[in-house]
Each structure stands twice: as structure tokens, then as C-alpha cells.
Amino acid sequence: MLLGLGFTLEQTREPVASFSGGWRMRLNLAQALMCPSDLLLLDEPTNHLNLDAIVWLEDWLGRYPGTLIVISHDREFLDAVCNVTLHLENRQVKHYGGNYSQFEVLRAQQLALQQSAYEKQQRTVAHLQSFIDRFKAKATKAKQAQSRVKALEKMELIAPAHAASPFTFEFREPDAAPNPMMVMEAVRCGYRSGGGHEIPIVDSVTLSIQNGQRIGLLGANGQGKSTLIKTLEPLSGGVRQGKGLQIGYFAQHQLETLRPDDSALEHLARLAPDTHEQELRDFLGSFNFSGDMATAKIAPFSSGEKARLALALIIWQKPNLLLLDEPTNHLDLETRHALTMVLAQFKGTLIVVSHDRHLLRATTNTFMLVAKHRLNKFDGDLDDYRDWLLQHAAETRAAAKEASGAADASDNVPNRREQRKQEKRSNVKSSRT
């Protein structure tokens, strides 16, 4: 269980206090999965998992014999593990047969039918009301008018179809398009400890990033994807930037750099002090920060709202190279969809680290794998990567079991020796008797 969720053999022996919050969440998930159950309740189980662990979890849940109820913003995960969808809207729960993609189709059909029925009923209502207004004062038509009044009162009115307002935004046109964007030559990526010692993570990276490339970085946690994506000052080697390069970098920790006592408008005004306030307000409004929300302190904002603000600040600066490290964490499905759509139309260069396969499929066309401290091109798509992961995980578990069995056998050697001695003494005693 722990190996499947990304723990190493060494980590399984470490105290829980040594783990970060994300790893403790994985441990909580492992406890829930290991508990014998008929009903399993999972609330955003993929939030702290990388793609490797998500693929493993899907495979495990596919074999779970009980009933599963899951809340998730990962549409491919929902498609893989669910066969019923419950939709909560306007304090009502609606049941749909099928996974998330099937729910989207069924709901769209229902909304279209509802809107058609609403419009038809409105024409009937207008016709009845017209008759009532024309003849209610005439004695000869009073009974007919009254019957139509009663028909209107008994009619169960159909509500107009209402879909949530689509959240959309777009990138501003970059000022330049250098080619190549960036060149990395024999680069060693890593960081320096407090004592100044070098701790390399990814070695011998040679890469030319061309204008218009759309790269997805794959690899397990700890292999160095995040380290690589933010390496502008390597431990060794050279990084050459194209003239006019404007980098937009988004990572989860950027939410911590936002000032809680400042408003969204104040954050943007610092980037554009000479821009008219109305223009800033219009821009923020496209990210659903309108009216009083634009001028309110961001301290009470949800993680998703803060992530949206961080994205807005990046987009304002008109980047031509986007480096995105798990950009969909904390975003709801609507915002994820909007981000996916706009990234698919982004005219610059894109490098993405994400466990959101829908985002990767829609926005990237080349995959690179970070593994064993090296960066290499991955020949295949995400389905090939899934197969590779499952095979690699099975081999890892088999090796771990073999190592564990060997250790147990070694521990038991003295016991077996003592047992043989006792058997020998017993045999001697028996022969004497």
C-alpha cells in the first residue's frame, strides 16, 4: 500500500513527525484504504498525489469490492473509478448513471430539453393570459376566462434552464517571441544546503526550448521535475535566455507570497502603477474578481480564489514562456476547464508539471521523463506512461518483498540453528532410552 502511494522502503521506517503535510495526507489515505470496509468515503484523494500514485490508486479502487463515494476535481480519475454521478446544485441532488464525461452529456441534454419545455410552456401561459385579459370583463366569456385563470393557477411552472456562468479568460499578446526561448547546456539542477554544500537532483541536462513547444514533464515525486522547471541559476553548466524572454512561473508555494491584508486590485496595481484603475478592474473582472471582491482583503479567500489571483498576476505580465508546476491544485472543475481551454490556445511556449491528465492531454504534445537523475524524451502518450508506471510499480513491489523476505530469513538463522540443536539433543536422548 505504502509503496503504491509513493513511499520508499526507507520512508516506511521513518517516524511520522519527519513527513511533510502532503506525505501525511498520503499516510491518512493509506490507513483509509487498508481499513476493511463496505463503504469507502474519499474527499479529494488525489490532491496530494503525483500522477504515478494516482494511476496506482485508480487500479486499486478498480478492485475495491465495496461501495465508493468520492469527491474529486480530477475528471479522468472520476471517469476511471465511478459509474454513478450525483450532482449537487441549488440545494438539490440529482442522480445520473455513468461517469463524469457521461454526466456532462446527459446534463447538457437535460438542460436543452428543460429550456425547450420552458419556452413551450411560456407560449401557453402567454396565450392563456391574453385570453383572460381580453375577456374577463365580458359576461359572455367570464366563465371561460375564469377556467383559464384556474388552469394557470394549477399549472406547475417549469424553471428556465440555468447553467453556471462560464468562467473564461485569455492571455495577453506577448511582446516578443524569441527562438530559441532558452538553451540549457550540461546543466546540473539542484540546490545548496545551509552550509553551502551542493545537493544535485537532475544532472547533465542539455535542452533547447523552441518557440511554440508544448512539453509535459513526467516522473515520480522527488525525481526533480519541480527543481528542473525553476532552474535559471544551475549548480553548474550554462543557461542562455533568448532576447525578449518573459517567463511566467506558477507553483503552489506562490500562494504564500500573496499579501493577505491587500486586495486583488492592490496586488495588480503594484505590477502596473501607471495603468488606469478601471482597466485593472476590467482585467480582474475576467477572473471573477469584480465589484467589492476586487477591493476586499484576500485573507479570507479560498485556496482556489488565491490560485486564480496568482494566475491573473502572471497573465498580466504577458509571458511568452509559461512554466507551470501543478497549476490545477485547489482549482474547481469550472476553473480547471477554463485554464485548460486558454492554455490550449496560448501562443507561446509551455512546460507543465501536472497530475491532471486532462490538462496534459489538451495542452501538451511532447512528453519528457525525469527519472534516475536524468531528463529524457518519453516516446509515447499518457496511456503508454500509465502502462509503464503499473509495470514499474509491480517490479518495485516484487523487489521490495524479495528484500524483505531475505531480511526475515537472515533474522531467523539463529533460531533455526537453535532448533536444530534441540532436535539433535532430543534424538540423542531418544537413542539412549
K.L.:
Got Met182 and Thr349 here, is their nearest side-chain heavy-atom distance under 4.5 Å?
P.N.:
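No, side chains not in contact.
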K.L.:
Which atoms form the tightest heavy-atom contact between Ile314 and Pro319, and what is the distance?
P.N.:
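The pair with the smallest heavy-atom distance is O-CD, 3.4 Å.
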K.L.:
Is a side-chain donor or acceptor of Arg308 paired with a backbone partner of Phe287 at a separation under 3.5 angstrom?
P.N.:
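Here the side-chain-to-backbone pair exists.
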K.L.:
Can you confirm whether Ile315 sits close enough to Val342 that some side-chain heavy atom of one is under 4.5 Å from a side-chain heavy atom of the other?
P.N.:
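Side chain of Ile315 against side chain of Val342, heavy atoms only: no contact under 4.5 Å found.
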K.L.:
When you compare the side chain of Asp203 with that of Arg374, does any pair of heavy atoms fall below 4.5 Å?
P.N.:
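A side-chain contact under 4.5 Å exists here.
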K.L.:
Look only at the side chain of Arg214 and the backbone of Leu350, and say whether a donor-acceptor pair between them is shorter than 3.5 Å.
P.N.:
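Between the backbone of Leu350 and the side chain of Arg214 there is no qualifying donor-acceptor contact (under 3.5 Å).
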K.L.:
Between the main-chain N or O of His355 and the side-chain N or O of Glu326, is there a donor-acceptor pair closer than 3.5 Å?
P.N.:
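Yes, because the side chain of Glu326 sits within donor-acceptor range (under 3.5 Å) of the backbone of His355.
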K.L.:
Could you check whether atom CG of Asp292 has more than 12 heavy atoms from other residues, nucleotides or ligands sitting under 6.0 Å from it?
P.N.:
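12 or below, so no.
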K.L.:
Are the side chain of Gln223 and the backbone N or O of Lys372 linked by a donor-acceptor pair below 3.5 Å?
P.N.:
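Yes, because the side chain of Gln223 sits within donor-acceptor range (under 3.5 Å) of the backbone of Lys372.
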K.L.:
Search all heavy atoms of Gly380 against all heavy atoms of Phe367 and return the closest pair with its distance.
P.N.:
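Here Gly380 and Phe367 meet closest at O-CD1, 3.6 Å.
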K.L.:
Measure the spacing between CD of Glu198 and OG of Ser236 and express it to the nearest 0.5 Å.
P.N.:
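These two atoms lie 6.5 Å from each other.
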K.L.:
Only one of Ile54, Leu61, Leu29 clears side chain to side chain contact (heavy atoms under 4.5 Å, CB included) with Pro45; which?
P.N.:
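The single option meeting the side chain to side chain contact (heavy atoms under 4.5 Å, CB included) with Pro45 is Leu29.
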K.L.:
Looking at residues at least two apart in the chain, or sitting in another chain, which of them share a side-chain hydrogen bond (donor to acceptor under 3.5 Å, both in side chains) with Glu256?
P.N.:
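If we apply the side-chain hydrogen bond (donor to acceptor under 3.5 Å, both in side chains) test to Glu256, skipping adjacent residues, there are no hits.
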K.L.:
How close do Thr8 and Leu3 get, heavy atom to heavy atom, and via which atoms?
P.N.:
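Where Thr8 meets Leu3 most closely, the heavy atoms are C-CD2, 4.2 Å.
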K.L.:
Sub-3.5 Å donor-acceptor pair from the side chain of Asn320 to the main-chain atoms of Ala176, do we have one?
P.N.:
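Answer holds: yes.
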K.L.:
Is it the case that the side chain of Glu104 and the backbone of Tyr100 share a donor-acceptor pair, with hydrogens and angles ignored and the cut-off at 3.5 Å?
P.N.:
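It does not hold such a pair.
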K.L.:
Does Leu359 offer a backbone N or O that forms a donor-acceptor pair with the side chain of Arg336 under 3.5 Å?
P.N.:
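No, the answer is negative, given that no donor and acceptor are paired below the 3.5 Å cut-off.
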K.L.:
Which class fits the ring pair Tyr385 and Phe378: parallel under 30°, tilted 30 to 60°, perpendicular over 60°?
P.N.:
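Because their plane-to-plane angle is over 60°, the rings of Tyr385 and Phe378 count as perpendicular.
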K.L.:
Is there a side-chain contact between Thr85 and Leu106 in this structure, where contact means two heavy atoms from C-beta onward sitting under 4.5 Å apart?
P.N.:
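With C-beta onward as the side chain, the pair stays apart.
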K.L.:
Side chains of Leu284 and Arg281, heavy atoms from C-beta outward: is any pair under 4.5 Å?
P.N.:
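The answer is no; the side chains never approach within 4.5 Å.
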K.L.:
If only side-chain N and O atoms count, and only distance matters, is there a donor-acceptor pair under 3.5 Å linking Gln391 with Asp387?
P.N.:
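No pair is found: no donor N or O on one side chain lies under 3.5 Å from an acceptor on the other.
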K.L.:
Tell me whether the count of non-hydrogen atoms from other residues, nucleotides or ligands lying under 6.0 Å of CD in Gln31 goes above 12.
P.N.:
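For Gln31, atom CD is crowded (more than 12 foreign heavy atoms under 6.0 Å).
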K.L.:
Is there side-chain contact between Glu89 and Gln92, with heavy atoms separated by less than 4.5 Å?
P.N.:
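No, every pair of side-chain atoms sits at 4.5 Å or beyond.
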K.L.:
Would you say Arg26's side chain and Phe7's backbone share a donor-acceptor pair under 3.5 angstrom?
P.N.:
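Side chain of Arg26 to backbone of Phe7: no pair is present.
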K.L.:
Any side-chain heavy atom of Leu2 within less than 4.5 Å of one from Leu9?
P.N.:
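They are not in contact (no side-chain heavy atoms under 4.5 Å apart), so the answer is no.
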K.L.:
State whether Asp383 and Arg357 are salt-bridged, where the test is any N-O pair (Lys NZ or Arg NE/NH1/NH2 against Asp/Glu carboxylate O) under 4.0 Å.
P.N.:
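Looking at Arg357 together with Asp383, the answer is no, because their closest N to O distance does not fall below 4.0 Å.
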K.L.:
Decide, yes or no, whether a salt bridge links Arg386 with Glu76 under the criterion of side-chain N to carboxylate O below 4.0 Å.
P.N.:
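Salt bridge: no.
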K.L.:
Counting only heavy atoms not in Met1, do more than 12 fall under 6.0 Å of its CE?
P.N.:
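Counting neighbours around CE of Met1, more than 12 heavy atoms of other residues, nucleotides or ligands fall under 6.0 Å, so yes.
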K.L.:
Among Thr231, Val370, Leu228, which one satisfies side chain to side chain contact (heavy atoms under 4.5 Å, CB included) with Val205?
P.N.:
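Between Val205 and the candidates, side chain to side chain contact (heavy atoms under 4.5 Å, CB included) is satisfied uniquely by Leu228.
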K.L.:
Where does the angle between the aromatic ring planes of Tyr64 and Trp60 fall among parallel (under 30°), tilted (30 to 60°) and perpendicular (over 60°)?
P.N.:
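Because their plane-to-plane angle is under 30°, the rings of Tyr64 and Trp60 count as parallel.
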K.L.:
Check whether any side-chain N or O of Asn211 sits under 3.5 Å from a backbone N or O of Pro178 as a donor-acceptor pair, and report yes or no.
P.N.:
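No: the side chain of Asn211 does not pair with the backbone of Pro178.
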K.L.:
Can we say Arg259 and Glu266 salt-bridge, meaning some charged N sits less than 4.0 Å from an Asp/Glu carboxylate O?
P.N.:
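Answer for the salt bridge query: no.
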K.L.:
Enumerate the ring pair (Phe, Tyr, Trp, His ring centres under 6.0 Å) contacts for residues 300-319, please, sequence neighbours excluded, ordered by first and then second residue.
P.N.:
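The answer is Phe283-Trp316, Phe289-Phe301.
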K.L.:
Is there a donor-acceptor pair under 3.5 Å between the side chain of Thr275 and the backbone N or O of Ala269?
P.N.:
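No, because the side chain of Thr275 does not come within donor-acceptor range (under 3.5 Å) of the backbone of Ala269.
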K.L.:
Whether Asp59 and Arg63 form a salt bridge (side-chain N of Lys/Arg under 4.0 Å from carboxylate O of Asp/Glu) is what I want to check.
P.N.:
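Answer for the salt bridge query: yes.
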K.L.:
CZ of Arg24: more than 12 outside heavy atoms within 6.0 angstrom?
P.N.:
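Yes, because the 6.0 Å sphere around CZ of Arg24 holds more than 12 heavy atoms from other groups.
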K.L.:
Calculate, to the nearest 0.5 Å, the distance between atoms OG1 and CG belonging to Thr328 and Asp356 respectively.
P.N.:
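That separation rounds to 4.0 Å.
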